[in-house]
Amino acid sequence: KKIFNNVYFVISIQILLSFYTLYLIFLIGKFFSLNIAKVSILMAALSLNLFNSTVFILTESIFLIFFLLFVYFFLKIENLNKEKINKYLILSAIFLGLSTLTRPIAFYFLPITIFLLFKTELKNKIKKIFIFGVVFGIVLSPWCIRNYQTFGYYKLTSSAGPNLAGYYLPYVKSKAEGISTKEARLRNYKELHEQIDYNQNPFVISNFEKDFFFYKIDDYPIIFLFQAWLEGNLKLIFSPPAIDTFYLLDVEKTNFSEINEKFFFSKVFVYLFKNENKIYSLVLISSIFLIIIFRLLSLYSIFVCQKKDLYKLIFFLAIIGINLVLTGPIGSARYRIIIEPFLIILSSISINHFLAKYLKNEK
């Protein structure tokens with residue numbers, strides 16, 4: 001944008017960067033085998049979800065490159081090339097830091113990173129973990145210092161409060177009070193603005209919003225909290241990326257948040273089969289069938305994955321699991337972009353398994 005302030009110029013740069021994203025998916029898939037890497041890059045090239053992050057201006061287009069570089073260099077540590085261990089540690093920490101600066105959700109991948117470092121056969125594990133943590137902290141520190149100088153808080157972001165009160169709570173409120181998510185969000189914001197002065201320090205506002213969330217959540221049975229998270233996770237795993245494509249293109253349709261149905265699957269039924277946009281319905285239904293097949297392939301990879309790949313498998317599943325927990329009730333195909341490359345590689349493991357089995361039988 002600084003070079004040329006034109007939206008199409010920015011998108012063209014994103015498209016060029018997307019080829020590097022595909023290459024990184026290939027390199028990560030190659031940790032399993034060359035054939036798996038080839039299947040992975042083919043599937044990634046055909047992924048509408050990854051395509052959305054390329055042609056629309058979203059933080060995911062930058063985040064994904066940083067995060068995949070973190071994963072790539074972190075997996076290089078497992079190779080135990082003694083001369084390059086520190087290099088890989090530092091590079092993976094730098095890119096996890098850059099990922100966190102782009103989207104703070106990446107911060108929560110730090111604990112699983114430290115846990116897996118303990119599981120490696122590295123010598124001086126505490127020293128290696130210390131190096132990783134220090135480098136990661138150094139990358140984040142300029143922005144934290146800026147926040148301290150500006151707002152008096154040495155913190156990365158003030159987004160925790162807005163996310164809890166503005167995004168998570170409406171889904172729980174919708175379940176508990178039997179209203180649409182859209183209506184729950186409107187009521188929520190109205191109550192927030194009545195109680196909070198939004199002209200003050202954003203970190204102070206965030207603390208108020210967190211208190212508001214926990215105060216309100218106490219009024220609802222825990223079953224509604226569980227249902228909201230479960231339904232959000234189902235949306236994240238199974239929702240077609242066409243939803244985001246139609247939304248970003250501002251196509252007229254019945255939105256999921258506007259449907260006032262008590263039960264989640266009743267809401268899904270109305271969304272799919274009674275949507276005002278019939279073409280949209282047809283696209284979604286056919287997409288869901290394909291997604292179910294690929295999710296089953298991803299799941300099957302757990303059973304066919306070789307023992308030598310267990311470390312990588314645990315890492316991938318941890319990335320997917322943490323993302324599911326953090327995204328919670330606001331799950332959608334867009335938020336799946338972070339884990340899409342790993343779901344693709346897991347599916348590729350199963351596809352490669354079946355191809356190898358088929359070719360063997362042919363001979």
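Scope of the values below: all heavy atoms of this structure, side chains included, with no hydrogens, waters or symmetry mates. Since the structure is predicted, the reported quantities are computational estimates derived from the model, not experimental observations. Throughout, numbering of the chain's residues begins at 1 and tracks the sequence.
Using the six-membered ring where Trp is involved, Phe74 and Phe70 have ring planes that are tilted, between 30° and 60° apart. The aromatic rings of Phe136 and Phe132 lie parallel to each other, their planes meeting at an angle below 30°, with 60° marking the opposite boundary. Relative ring orientation between Phe342 and Phe67 is described as perpendicular, the plane-to-plane angle rising above 60° on a 0-90° scale split at 30° and 60°.
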Before giving the answer on salt bridge (Lys or Arg N to Asp or Glu O under 4.0 Å), spell out for Lys175 and Glu231 the whole-Å C-alpha distance, their side-chain angles and the decisive distance to 0.1 Å.
CA-CA 11 Å; Lys175 302 296 299 178; Glu231 291 170 10; 2.8 Å; yes
Between Phe19 and Ile15, is a side chain to side chain contact (heavy atoms under 4.5 Å, CB included) present by the stated rule, with each step listed?
CA-CA 7 Å; Phe19 289 105; Ile15 291 170; 4.1 Å; yes
As a quick check of understanding, evaluate side chain to side chain contact (heavy atoms under 4.5 Å, CB included) for Asp244 and Leu48, giving each step before the final call.
CA-CA 10 Å; Asp244 288 323; Leu48 180 58; over 6 Å; no
Passes side chain to side chain donor-acceptor pair (under 3.5 Å), Ser332 versus Ser239? Steps please.
CA-CA 6 Å; Ser332 72; Ser239 57; 5.7 Å; no
When you look at Phe212 and Lys216, which way does the side chain to side chain contact (heavy atoms under 4.5 Å, CB included) test go after all the steps?
CA-CA 6 Å; Phe212 178 85; Lys216 284 291 181 181; 3.8 Å; yes
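Distance alone, capped at 3.5 Å, is enough to place a donor-acceptor pair between the Arg295 side chain and the Ile237 backbone. In this structure a side-chain-to-backbone donor-acceptor pair under 3.5 Å is missing from Asn52 to Arg334. A donor-acceptor contact shorter than 3.5 Å is absent between the side chain of Thr102 and the backbone of Phe63. Between the Gln200 side chain and the Asp197 main chain, a donor and an acceptor come within less than 3.5 Å of each other. Judged by distance alone, with hydrogens and angles left aside, the side-chain atoms of Asn163 form a donor-acceptor pair with the main-chain N or O of Ser159 at under 3.5 Å. No donor-acceptor distance shorter than 3.5 angstrom exists from the side chain of Arg185 to the backbone of Pro170, with no hydrogens or angles considered. Counting only distance, with no hydrogens or angles, the side chain of Ser350 and the backbone of Leu297 share a donor-acceptor pair below 3.5 Å. Under the 3.5 Å distance criterion, the side-chain polar atoms of Ser18 are left unmatched by any main-chain donor or acceptor of Thr54. Between the side chain of Ser47 and the backbone N or O of Ala44 there is no donor-acceptor pair closer than 3.5 Å. Under the 3.5 Å distance criterion, the side-chain polar atoms of Ser92 are matched with a main-chain donor or acceptor of Leu89.
The two residues Ile345 and Gly29 come nearest to each other via the heavy atoms CD1-N, 4.0 Å. The nearest pair of heavy atoms linking Tyr153 to Asn201 is CE1-ND2, 4.0 Å. Annotation for Leu324 and Asn233: closest pair O-ND2, 2.9 Å, computed over non-hydrogen atoms. Of all the heavy atoms in Val139 and Leu101, the pair that sits closest is O-CD1, 3.6 Å. Heavy atoms only, all atoms of each residue included: Phe289 and Ile285 are closest at CD1-O, 3.2 Å. Smallest separation of non-hydrogen atoms from Phe294 and Ser347: O-OG, 3.0 Å.
Checked for salt-bridge contact, Glu276 and Lys253 miss the test: no charged N lies under 4.0 Å from a carboxylate O. Under the 4.0 Å criterion applied to side-chain N and carboxylate O atoms, Arg187 and Glu177 are assigned as salt-bridge partners.
Here the NZ-OG1 distance, from Lys173 to Thr181, works out to 12.0 Å after rounding to the nearest 0.5 Å. The CG atom of Leu284 sits 6.0 Å away from atom CG of Leu272, with the distance rounded to the nearest 0.5 Å. Separating the CG atom in Leu116 from the CD1 atom in Ile112 is a distance of 4.5 Å, to the nearest 0.5 Å. Taken to the nearest 0.5 Å, the NZ atom of Lys128 stands 9.5 Å off from the CD1 atom of Ile90. Distance OG/Ser40 to CG/Asn35: 10.5 Å, rounded to 0.5 Å. One distance of note links CZ of Phe315 with CG of Leu75; it measures 5.5 Å at 0.5 Å rounding.
Defined by atom type and a distance below 3.5 Å, a donor-acceptor pair is missing between the side-chain atoms of Tyr88 and Tyr72. Using a 3.5 Å distance cut-off with no hydrogens or angles, the side chains of Gln14 and Ser61 do pair a donor with an acceptor.
A 6.0 Å sphere centred on CD1 of Ile222 holds no more than 12 heavy atoms belonging to other residues, nucleotides or ligands. The neighbour count for Gln195 CD, taken as heavy atoms of other residues, nucleotides or ligands under 6.0 Å away, is above 12. Heavy atoms from other residues, nucleotides or ligands lying under 6.0 Å from CZ of Phe107 number 12 at most. In this structure, Lys278 places its NZ atom where more than 12 heavy-atom neighbours from other residues, nucleotides or ligands lie under 6.0 Å away. For Tyr189, the OH atom is densely surrounded, since the number of other residues' heavy atoms within 6.0 Å is greater than 12. Around CZ of Phe354, the count of heavy atoms belonging to other residues, nucleotides or ligands within 6.0 Å exceeds 12. The local environment of NZ in Lys190 is sparse, with at most 12 non-hydrogen atoms from other residues, nucleotides or ligands closer than 6.0 Å. The number of heavy atoms from other shown groups lying within 6.0 Å of OH (Tyr23) does not exceed 12.
Applying side chain to side chain contact (heavy atoms under 4.5 Å, CB included) to Ile279 and the options Asn277, Leu282, Asn275 leaves one that passes, Asn277.
Residues Arg103 and Glu60 form a side-chain contact, since some pair of their non-hydrogen atoms from C-beta on lies under 4.5 Å apart. Leu164 places none of its side-chain heavy atoms less than 4.5 Å from the side chain of Leu169. Looking at Leu98 and Phe95, their side chains come closer than 4.5 Å, going by heavy atoms from C-beta outward. Residues Asn147 and Leu156 form no side-chain contact, since every pair of their non-hydrogen atoms from C-beta on lies 4.5 Å or further apart. For the pair Glu340 and Leu64, the minimum side-chain heavy-atom distance is 4.5 Å or more. Counting only heavy atoms from C-beta outward, the side chains of Phe316 and Ile28 approach each other to under 4.5 Å. A 4.5 Å side-chain heavy-atom check between Pro162 and Ser206 finds at least one atom pair inside the cut-off. Between Ile344 and Ser348, some side-chain heavy-atom pair lies under the 4.5 Å cut-off.
With Phe32 as the aromatic partner, Lys312 meets the cation-pi criteria of under 6.0 angstrom to the ring centre and within 45 degrees of the ring axis.
The ring of Tyr171 has its center no closer than 6.0 angstrom to the ring center of Phe224.
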